Amino acid sequence: MSPEAHSAPRSLAEALRARDDSSLAALLRSRPDLVTPVPTDLTQLATRAGTRASVLRALERLDRFALQTAEALAVAPDPASYDTLLGLMAGDAGDPAVAGALPRALGTLREQALVWGGDDRLRLVRTAREVLAPSPQHPSPTGLGPTVREATSGMSPGRIQEIVTTAGLPSTHDPVSAVAALTALFTHRKKLARLLGQAPEAAREVLSRLVWGPPYGQVTADPAAHLRWLLDRGLLLPTAPGTVVLPREVALHLRAGRAHRAAEPLPPAVAPAATHSARVVDATAAGQAYTALATVEELLKEWDEGGPAVLRAGGLSVRDLKRTAVALDVSEPVAAFWVELAYAAGLIASDGEADERYAATPAYDEWLEQPPAERWVRLAQAWLAATRTPGLVGGRDAKDRTLSALGPGLDRSAAPEVRHRVLSLLAGMGPGAVPDAESVLARLRWERPLRGGRRDGEDDLRSRLARWTLSEAELLGLTGRGALSSHGRALLGAPPAAGPGSPAAEAPGAGSSTAGGGPGADAGEAGTGATGAGTAGTGAPGHSDSAHPDSGHPASGGPGDKLPVHRHRVPDRLVPLSGPEQAVAGAAAARLLAPLLPEPLDHVLLQADLTAVAPGPLRRPLADMLGVLADVESKGGATVYRFTPASVRRALDAGRTAADLHAFLTEHSRTPVPQPLAYLIDDVARRHGHLRVGAASAYVRCDDDALLNEILADKRAAALRLRRLAPTVLAAPADPATLLEGLRAMGYAPAAESAEGDVLIARAHAHRTPPRAAPEPVPDGPPPPDATLLAAAIRAIRAGDLAATTPRKPVGEPLAGGELPRTSSAETLATVQAAVLTGDSLWIGYVNAEGAASQRVISPVRVEGGFVTAYDHTADEVRTYPLHRITGVAELAED
């Protein structure tokens, strides 16, 4: 036997044992569920990596070509050689693109411990084979059926011999050899071609219908002659009464050796639909970012005194969502987006009162004090990380209940990853490039075919999330006219785009290279990626969009390809940023956005038609006061305010005097105060407070008894049921608020007064919730471990594996199954004391205070008081162990 055969791993645990620390770290990073909790040794790690739940999660994260490679291994012999796998993927004629990309795909499967063994003995882990291998209940994605041996497992020996004889083979003495002979015939290309050449035309047509799957068909009890011809020669084999199947070996021959109808070694390129100037994109995105800030402020101002009630099941009612959409002048889906965005940023929440309502949080007041660019960064980062999906509002859950805004059931753990991936694809294009939406969806389906779950092009969850991402990014101002902006690129942590009109274009070495994946991109990068250079743990290719058949460059990037080096290429896959990195990226985005946002103005333009025009955003004190004194009539690039008697009275009720209002308008208007507006203010002020309303239940008093007579004579006052108490006092059974509203509806301007006779000033009461944290995103499985955890986990696994595999001298009577040996207390004490003197290491079995048993390799330092102090190789530290908790001890073998 060759040395290679001796060194070949016999199990996944042995294959993991042969890995170095960086390879183990890549495995744990790509499959974080394996490290929670930390395995005790490599055998436990291998066992956990082979569990069904873990394997399914790993398969879901494979790209289409890596998944196709795993599917091909599932229908290949176990084990299979690399050449066999290549033949299944590329077919008899070969395919340079497949041959170039296969090492990368196989490397991904090996890195994620889905495949182990050398190139001569590739093995797919048993659970993955069970999931991907064909069966009547779960057809294989390859469309292949069972092998001859599997299909004939329940067939009678006599029937097998009849098939062998009819196929032109000599009869055998047993069914096993007969099946082997039939398999050899079907795997011999020339012999099988001669046999199929004798088949009737109708029989060959039947095979052509089954060849690409599904491989099962129905036959009657008395099949037609052409079907009988196929059945008699084993080209169709019965699996159940009335059901036949095309054997895998025959299908592969008819497919020219291909396991898949079309292998997809390269990701589809993201095609540009249009291109705009980078400056136009940034200006458009900045304008939309300002609109986003204004919309969120308007929403919170609408809910400032207490927003809509919380439904019993949680969330916002359909009526309240419609009302909010009308107030914001947007559609209901867009209103749901803004409401959910404010909620994700921690600006609104439930107040938790008995009559539960939504209201602004204290964080909203802090947010208002920040510069506009920083406020936008907070909204954008909250959107990027949120798992709540506003696009689902109005849909139905699994129990056919309507999904409401701010309600339960809107979390989708894949949302942050899809948002980040879509924006990363935009960052990989040239500056100002607008992606074709369908090409983005095709790319996502290639990268996560199982997670999408559909191969027919219809919208799955990831596709819908991608569409929502493109529209929401435009609403938020991350993109402008469909292209990623400079501040959006900075927020992702991507380097500046290189291209005409962008700062990176003047960088040394930029030359004529492009930032997209089209002609002129570095195909050498694609070749490198195709041979195994990929991002650890993503399962996505390391090559870029330039490695595409349409790019005009070889996909494999083989020797001799001398192409320009692209020095400013954006990485194909951006990694989500950590907390400190997010702060840095947010600050960079704010710096780029701040100069593009309009400066707040301190003036308005008053017009003779009782309107004021704000030609841009107003400074906060001016905007707040103007919002009390006038009503917003229209919004847009310029906001139009209208002055009415009710709005002026609102300002007077808030404690302002007519002189205050005149001074305010004179100070902040670039045009003279129109005479009609001055008359309006004076007229309302002159009548404001002339009538006084108090509690009697309510009363009206006025020094002008003629005015009270006028009110009593007015038919509209009948509903108030007023009666005269004195020449200057009227009383009513209604409460003061109702009386105030009734008199105002009649055209009067009464003022409320206190019990002391002072005028009451009506100010809006800002309702705030108690301090509330922003909602936590729902994680998509365990989070990837950081470098510190990875290093500690690998050290613990290595030490545990050392304790489990170190050769030991036999001491005492071992337990059943070769577990820990048991030694008496005297033997344990004597062995440990001897090791202190000799400096030898020992293998011990130890049970801690919680009853958990473990194996450890220790080097005893001293023994005293019933305790042994030793250096624990498993924990990589000095520890003290009670002797009575050591179940057994053994010296390590000398070798």
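As the structure is a prediction and not an experimental result, all values here were calculated from the model.
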Atom CE in M89, atom CG in L86: separation rounded to 0.5 Å? 9.0 Å
Less than 4.5 Å apart, side chain to side chain, heavy atoms only: is that true for L73 and R123? no
Expected output: side-chain R129 to main-chain A74 donor-acceptor under 3.5 Å: yes
Check: L45 and L28 side chains under 4.5 Å, non-hydrogen atoms: yes
Sidechain N-carboxylate O distance under 4.0 Å for E14, R17: no
Please evaluate residues E417 and R61 with respect to the criterion salt bridge (charged side-chain N to carboxylate O under 4.0 Å, His left out), reporting the C-alpha separation (whole Å), side-chain torsions for both, the decisive distance (0.1 Å), and the verdict. CA-CA 12 Å; E417 189 265 337; R61 295 181 177 275; over 6 Å; no
side-chain contact (heavy atoms from CB on, under 4.5 Å) between L252 and R248, intermediate numbers included: CA-CA 6 Å; L252 286 172; R248 187 182 306 170; 4.2 Å; yes
Answer yes when R209 and E205 have at least one side-chain N-carboxylate O distance shorter than 4.0 Å, and no when they do not. yes
Are any side-chain N or O atoms of S424 and backbone N or O atoms of H420, one a donor and one an acceptor, separated by less than 3.5 Å? yes
Specify the closest pair of heavy atoms between L246 and L235, including all atoms of both residues, with the distance to one decimal. CD1-O, 3.4 Å
Kindly check if the number of other-residue, nucleotide or ligand heavy atoms within 6.0 Å of CZ (R189) is above 12? yes
Using a strict cut-off of less than 4.0 Å between a Lys/Arg side-chain nitrogen and an Asp/Glu carboxylate oxygen, indicate whether E447 and R64 qualify as a salt bridge. no
Between R57 and E60, is there a side-chain N and carboxylate O pair less than 4.0 Å apart? no
Are H253 and F186 side-chain neighbours, meaning at least one heavy-atom pair lies under 4.5 Å? no
Quick one: pull up CZ in R233 and CG in L169 and give me the separation to the nearest 0.5 Å. 11.5 Å
Can you tell me if S54 and D33 form a side-chain donor-acceptor pair at under 3.5 Å? yes
Okay, side chain of T152, backbone of V148: is any donor-acceptor separation there less than 3.5 Å? yes
Would one find more than 12 heavy atoms of other residues, nucleotides or ligands at under 6.0 Å from atom CZ of R121? no
Strictly below 4.0 Å, N to O, side chains only: are D63 and R104 in salt-bridge contact? yes
In sequence, state the C-alpha distance, the side-chain angles, and the governing distance for L124 and W116, and then conclude on side-chain contact (heavy atoms from CB on, under 4.5 Å). CA-CA 7 Å; L124 191 66; W116 57 277; over 6 Å; no
Are V219 and L236 side-chain neighbours, meaning at least one heavy-atom pair lies under 4.5 Å? no
Heavy-atom side-chain contact between V418 and V422 under 4.5 Å: yes
Is R443 reaching over with its side chain to a backbone N or O of P268, donor-acceptor style, under 3.5 angstrom? yes
I need the L114 CG to R31 CZ distance, nearest 0.5 Å. 5.0 Å
Is T69 close to L85 at the side-chain level, that is, under 4.5 Å between some pair of heavy atoms? yes
Paired with L34, the side-chain contact (heavy atoms from CB on, under 4.5 Å) test is passed by just one of I797, L27, L24, namely L27
Would you say the side chains of T172 and Q161 form a donor-acceptor pair under 3.5 Å? yes
Strictly distance-based, threshold 3.5 Å: is any side-chain N or O of E111 a donor or acceptor partner for the main-chain N or O of S23? no
For P39 and Q44, the nearest pair of non-hydrogen atoms, with its separation, is CA-OE1, 3.1 Å
So, for A15 and P9, which heavy atoms are closest and what is the spacing to 0.1 Å? N-CB, 3.7 Å
With distance as the sole criterion, is a donor-acceptor pair present between the side chains of D20 and S22 under 3.5 Å? yes
Ion pair present between R52 and E130, side-chain N to carboxylate O less than 4.0 angstrom? no
Please check this pair: side chain of S463 against backbone of L441, looking for a donor-acceptor N/O pair closer than 3.5 Å. no
Do you know the tightest heavy-atom contact between P238 and M155? CD-CE, 3.8 Å
Any Lys/Arg nitrogen of R798 or D41 sitting under 4.0 Å from an Asp/Glu carboxylate oxygen of the other? no
Can you see which heavy atom on V55 is nearest to which on A49, and at what distance? CG2-O, 3.3 Å
Got a salt bridge between D232 and R228, using NZ or NE/NH1/NH2 to carboxylate O under 4.0 Å? yes
Atom CD1 of I160 and atom OG of S171: how far apart are they, to the nearest 0.5 Å? 13.5 Å
R149, CZ atom: more than 12 neighbouring heavy atoms under 6.0 Å: no
The test is side-chain contact (heavy atoms from CB on, under 4.5 Å); show your working for W212 and L254 and say whether it passes. CA-CA 9 Å; W212 291 109; L254 296 173; over 6 Å; no
Backbone N/O of V270 and side chain of S439: donor-acceptor pair under 3.5 Å: no
Is L227 close to V244 at the side-chain level, that is, under 4.5 Å between some pair of heavy atoms? no
Distance in Å, R159 CZ paired with L237 CG, rounded so as to fall on 0.5 Å steps: 8.5 Å
Please report the interatomic distance CG(L231) to NE2(H226), rounded to the nearest 0.5 Å. 10.0 Å
Non-hydrogen atoms of F65 and A263 that approach each other most closely: CE1-CB, 4.4 Å
Please answer whether the main-chain N or O of E150 pairs with a side-chain N or O of T147 as donor and acceptor at a distance below 3.5 Å. yes
Start with the C-alpha gap between E249 and L182, add the side-chain angles, then the distance that decides, and say whether side-chain contact (heavy atoms from CB on, under 4.5 Å) holds. CA-CA 10 Å; E249 295 85 352; L182 193 62; over 6 Å; no
